[in-house]
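This report concerns only the one structure given below.
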2 protein chains.
Amino acid sequence: MDVFQAVADPVRRSMVERLARGEVTAGELADLAAERFGIRQPTASKHLKVLRESGLVTSTVDAQRRVYRLDPGPLDELAGWASRQTSFWTGRLDALERHLETDHDGSTP
Amino acid sequence: MDVFQAVADPVRRSMVERLARGEVTAGELADLAAERFGIRQPTASKHLKVLRESGLVTSTVDAQRRVYRLDPGPLDELAGWASRQTSFWTGRLDALERHLETDHDGSTP
DNA sequence: CCCGTACTTTGCCACAGGGCTATATAGCTG
DNA sequence: CAGCTATATAGCCCTGTGGCAAAGTACGGG
């Protein structure tokens with residue numbers, strides 16, 4: 001699944017926010033999601049799978065525990081995309097400037 | 001619908017990207033979406049409705065035409081959220097530093 | 001070696017939402 | 001006003017996805 005889709009779900013966003021504060025186990029993430037959204041552990045596990053497949057998180061095994069941590073890469077792409085859509089005029093302002101300075105109506109032949 | 005959901009769809013993202021280059025009519029957006037994704041006009045119109053309701057775009061009437069333009073606000077929020085999730089250590093580096101300097105293993109009683 | 005703990009996987013149901021066609025609405029234009 | 005253009009709505013399928021309970025897997029401890 002793609003990153004945009006992955007963060008479209010509030011449960012998964014909440015997990016990402018928690019992981020942004022540091023690594024945690026699947027169990028802790030499931031508990032948090034249970035508190036905040038009233039969902040069961042297997043459902044939380046499903047969300048973690050989506051996050052894994054989107055590349056937003058990685059997990060390592062520690063005995064029976066799975067420790068999850070955030071991969072900043074995809075989030076950077078997301079932030080990059082979003083800010084690029086608003087930064088059209090920055091970088092074009094010089095072009096606008098040139099345009100305004102240009103004799104484009106032929107008034108001074 | 002919420003902004004995260006709104007940009008989760010590739011068709012809508014494509015529309016946002018086009019709108020980032022400047023305002024356009026619903027018809028032009030529909031034509032673009034038709035080319036790129038093979039969808040029909042009513043479907044494109046539905047996507048525009050989602051974008052409107054998410055606050056990502058606004059539209060004004062010009063005779064029979066509807067002119068759409070991007071509202072940077074929601075995109076800024078999106079970019080802000082994403083970058084905030086990766087910027088944990090900036091601002092926490094001092095805490096890490098204190099941690100490393102602290103005698104937390106009791107080796108010097 | 002078996003039980004408890006920690007997760008994941010599986011199988012199921014329900015519903016949201018994306019696609020389509022057909023139809024409505026609104027405004028030019030002849 | 002008739003009819004064309006531009007866009008939105010309505011109504012309908014069908015797939016994807018989120019939720020659950022139950023079963024499977026893996027590991028450590030008594």
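The basis for the numbers below is simple: all heavy atoms, side chains too, and nothing from hydrogens, waters or symmetry mates. Numbers restart at 1 for each chain; the letters A, B, ... are given by sequence-line order, proteins then strands.
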TODO: Could you check which of dG17(C), dG19(D), dG19(C) has an atom nearest any side-chain atom of Q5(B)?
DONE: dG17(C)

Task: N or O in side chain of R40(B) less than 4.0 angstrom from dT21(C) OP1/OP2 - done: yes

Open item on the list: Within the 4.0 Å limit for protein heavy atoms, which parts of nucleotides 24-30 of chain D are touched? Write it as a string from 5' to 3', B for base, S for sugar-phosphate only, - for none.
Closed with: ---BS--

TODO: If a pair satisfies salt bridge (charged side-chain N to carboxylate O under 4.0 Å, His left out) and one of its residues is in residues 3-14 of chain A, list it, with sequence neighbours excluded.
DONE: R13(A)-D2(B)

Open item on the list: In whole Å, I'd like the distance from the CG atom of D2(B) to the P atom of dG17(C).
Closed with: 11 Å

Task: Partner of Y68(B) under side chain to side chain contact (heavy atoms under 4.5 Å, CB included), chosen from T58(B), L51(B), L29(B) - done: L29(B)

Task: Value in whole Å for how far the C1' atom of dA26(C) lies from CG of D62(B) - done: 13 Å

Open item on the list: Has S83(B) got a side-chain atom pairing as donor or acceptor with A79(B)'s backbone, closer than 3.5 angstrom?
Closed with: yes

- [ ] Not counting sequence neighbours, which residues clear side-chain contact (heavy atoms from CB on, under 4.5 Å) with D71(A)? List them please.
- [x] P74(A)

- [ ] Could you work out the complete set of other residues in the hydrophobic cluster of V50(B), with links drawn between I, L, V, M, F, W and Y side chains under 4.5 Å apart?
- [x] M1(B)

- [ ] Residues of residues 26-38 of chain B with any non-hydrogen atom less than 4.0 angstrom from an atom of DNA chain C: list those, numerically ordered, please.
- [x] G38(B)

TODO: Sequence neighbours left out, what passes salt bridge (charged side-chain N to carboxylate O under 4.0 Å, His left out) with R69(A)? Give chain and number order.
DONE: E23(A)

TODO: Could you list by number each residue of residues 52-59 of chain B showing a heavy-atom separation from DNA chain C of less than 4.0 Å, or answer none if no residue does?
DONE: none

Open item on the list: Give me each pair satisfying side-chain hydrogen bond (donor to acceptor under 3.5 Å, both in side chains) with a member in residues 30-40 of chain A, each pair once, sequence neighbours excluded.
Closed with: S14(A)-R36(A)

Open item on the list: Less than 4.0 angstrom between a side-chain N/O of Y68(B) and OP1 or OP2 of dA8(D), yes or no?
Closed with: yes

Open item on the list: If I take atom CE in residue M15(A) and atom P in nucleotide dC7(C), what distance separates them, rounded to the nearest angstrom?
Closed with: 11 Å

TODO: Mind running a 4.0 Å heavy-atom check of residues 42-49 of chain A against DNA chain D and sending the residues that fall below it, in number order?
DONE: P42(A), T43(A), K46(A), H47(A)

Open item on the list: Just to verify, what does E77(A) make a side-chain contact (heavy atoms from CB on, under 4.5 Å) with, not counting sequence neighbours?
Closed with: none

Open item on the list: Which heavy atom of L56(A) sits nearest to which heavy atom of A6(A), and what is that distance?
Closed with: CD1-CB, 3.8 Å

Open item on the list: Rounded to the nearest 0.5 Å, what separates atom CD in E28(B) from atom CG in L32(B)?
Closed with: 8.0 Å

TODO: Determine whether any donor atom in the side chain of Q41(B) lies under 3.5 Å from an acceptor atom in the base of dA8(D), or the reverse, and answer yes or no.
DONE: yes

TODO: Please name all residues satisfying side-chain contact (heavy atoms from CB on, under 4.5 Å) with S45(A), sequence neighbours left out, ordered by chain then number.
DONE: Q41(A)

Open item on the list: How long is the straight-line distance from CZ of F4(B) back to CG of L78(A), given to the nearest 0.5 Å?
Closed with: 7.5 Å

Open item on the list: Considering only residues two or more places apart or on different chains, which pairs with a residue in residues 49-67 of chain B satisfy salt bridge (charged side-chain N to carboxylate O under 4.0 Å, His left out)?
Closed with: none

